[in-house]
Number of protein chains: 2
Amino acid sequence: MRALDVVTAKRDGHELTPEQIDWFISTYSRGGEIADEQAAALAMAIFFNGMTDAELTRWTSAMIASGTTLDLSSLDRPTVDKHSTGGVGDKISLILVPLVAACGAAVPQLSGRGLGHTGGTLDKMESIAGWQPQLSPAAMVHQLEKIGAVIAGATADIAPADRKLYALRDVTGTVESIPLIASSIMSKKIAEGTDALVLDVKVGSGAFMADEARARELAAAMVRLGGHHGVATTAVLSRMDNVLGRTAGNALEVREALDVLTGGGPGDVVTLTLALAQEMLRLAGLDADPAAVLASGAAHDTFVRMVEAQGGDLTRGLPEALHRSVVTARRSGTVNAISAREVGVAAWRLGAGRARKEDPVSATAGVVCLVDVGDEVEPGQPVLELHTDDPSRLATVAALVTEAVDIADAALTPPPIVIDRID
Amino acid sequence: MRALDVVTAKRDGHELTPEQIDWFISTYSRGGEIADEQAAALAMAIFFNGMTDAELTRWTSAMIASGTTLDLSSLDRPTVDKHSTGGVGDKISLILVPLVAACGAAVPQLSGRGLGHTGGTLDKMESIAGWQPQLSPAAMVHQLEKIGAVIAGATADIAPADRKLYALRDVTGTVESIPLIASSIMSKKIAEGTDALVLDVKVGSGAFMADEARARELAAAMVRLGGHHGVATTAVLSRMDNVLGRTAGNALEVREALDVLTGGGPGDVVTLTLALAQEMLRLAGLDADPAAVLASGAAHDTFVRMVEAQGGDLTRGLPEALHRSVVTARRSGTVNAISAREVGVAAWRLGAGRARKEDPVSATAGVVCLVDVGDEVEPGQPVLELHTDDPSRLATVAALVTEAVDIADAALTPPPIVIDRID
């Protein structure tokens, strides 16, 4: 088989054969015979010509087969996980994983780091003193049995083809392809060994997909892929125009997650967490009331045990930034939006995110929203608080977010955070 | 500037800015900063989204600017060249270059080697004992002044960006893009320093472009590009369904060219050569009759002087293959076609062509057509003669060409070789 023939077949709109897909993915993953430029040309041809359902299923299977698959069949709890396509202030996993575990499921969440203006769950968890992201498969199974909750880093042997292909897509303008996104997400989640999966597909100006129709298309493709691989999958479409909750930044978001776990926290975070928990419990066949379990403190206990099992020590407190600066309202009126994208970029520039995957992140940097959508504000009133350990960044970032909080004369009714459910 | 932004702009259908084009071509040509996979992704995005006239003109200028340009302004003859998009049995340059020179022009033909089933002019010329393809710019100008005719290899400093990009396109399925083909051809021809150019754009099953509409589009793009760069350019569309002349192979085609230069040779070769010569002379502003000059023997004299100036010695004869084998007609009837593609592939497999640009070629290998389109044949009558120095190839190749000569009950009138002229 020749890489050139696979590229030209896709370029010319033909359906790739199962043999072509298996050969391309396994050979490219091993390295050597297929050049990066050939894989880039194929990815761009897929961007333009898409994939049929049969191609996408096989492509995803080949990505899974490029590495190892976790076997969670020995667990006596049903397994169910959640994946988010990425948003600003998205600390949902930190609450949802222990909550669903406290309801009786096992949640084997292998997570990633942030890139660009959206944060990563591992980066957030690492702001907890001593917490370690890496677990062996045996330690993961043990922790799932004992506590039901795991948040850990994916090891290099889970879907290595995706790791290589993602790095390539990132520099060749081929990230934004629905079949390539769907197969990238689902290959890792299916290889993780979960029986069921709920996808939080974000839509809006702060999300990877601003367009609802495309987000629906992505959600439907992933739900089908889960089904074809024996993983019961549903997707929740949720809004990502405003910051989720009131914080964006690593330690800042852990603190907010702890607020929700102890009965407080912002309403949008609670609403979305419970909606996702209900979907997960339904797929897991568990008849529990997540709101009651959250209120009982059981989810908080599970979070503490999960953190401790991975070396984390919450009694040492969360780190705080050395420098803070507020951004004030320039006029009076009602807050109609707090731009997730602008706040996300600000948090990133303050040190919370990375431009390249080798970059370190700051645990303390980020943005706190001092007002909510719907609040009345006066000129000069503080609306955002910037946190950083690097004071040289404050002035530039402050200039970036002068328009992040949209203040208008008339109050709009904010749309509900959950748009739809796709299964 | 970032390569990723250039790729995504083209991917999303935007027009690239002159600055983006200049930066991409010059940086990629130098090597280092832009990865091959990024250039491959851009080439595939161009395949799908094309280029505007302004983009294509700038892209071509940037390719020319990546290297040196020959200065032929000191010559007291008008300069005019010809380029063919490649066919099977296309030995036209060997006759046309000395013919147009003998009519008073200077023809500075920098040529290439063959790849795949179409031959290259340099490969053909190298079957002449002692002939050397490399000339310094000074030697080229001197030879043009003295003889008017040069066929030589392009040096590495003519449009080096094209050399690098072509090698990339060849392995990434991005050869077949009209703007990329047009810029590749025209950047080299414009850098060669000619005042005028005639393009022989081949159409048909044996050509790079089987589809006439696409061939017309390519021709029009190249004619416009020539005009934008001050090179008076016209294109002739010619048929490439049947083998051009009766031979495909290096020394075999030199012999056939010599037949035409001495007043013989196949009619289609003579017709196309004279049509192209008339276009070239018109662009050069020369009022000569190429048919009369060909008949006078002056073109033959010029060919001999051109060959000798580059070390070639025709008195030593042309090499001949050690092994020959005939293919016979399987039925009686009229020859309606001699498939250029099938004969081209056969000649290639017999050793006349190369699969990779590093491969050597055989001077002697090739195919001789023993019949013409329109001839009546009987079963068992020899129709093709295979030539090779490697007898192990004869049986496989003979099996490949059993259908190359199409014999039918009724004779079709073959269409004229010249389809149209575009300027």
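Chain A is the first sequence line, chain B the second, and so forth, proteins listed ahead of strands; every chain is numbered from 1. All figures in this text were calculated on a predicted structure; none of them were measured in a lab.
- For the pair A/Phe208 and A/Leu218, the minimum side-chain heavy-atom distance is 4.5 Å or more.
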For chain B against chain A, print all donor and acceptor atom pairs separated by less than 3.5 Å.
| unit_1 | atom_1 | unit_2 | atom_2 | d |
| --- | --- | --- | --- | --- |
| B/Arg11 | NH1 | A/Gly173 | O | 2.7 |
| B/Arg11 | NH1 | A/Glu176 | OE1 | 2.8 |
| B/Gln38 | NE2 | A/Val171 | O | 2.9 |
| B/Val171 | O | A/Gln38 | NE2 | 2.9 |
| B/Gly173 | O | A/Arg11 | NH1 | 2.7 |
| B/Glu176 | OE1 | A/Arg11 | NH1 | 2.7 |

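- Note on A/Val171, A/Val7, A/Val6: by heavy-atom pairs under 4.5 Å with chain B, the leading option is A/Val171.
- Nearest heavy atoms, B/Val203 versus B/Ala215: CG2-CB, 3.4 Å.
- Rounding to the nearest 0.5 Å places CD1 of B/Ile181 at 8.5 Å from CE of B/Met222.
- Taking CG from B/Leu56 and CD1 from B/Ile21, the interatomic distance works out to 9.0 Å, rounded to the nearest 0.5 Å.
- To the nearest 0.5 Å, atoms CG (A/Leu42) and CE (B/Met44) are separated by 7.5 Å.
- With rounding to the nearest 0.5 Å, the separation of CD1 in A/Ile158 from CD1 in A/Ile64 is 10.0 Å.
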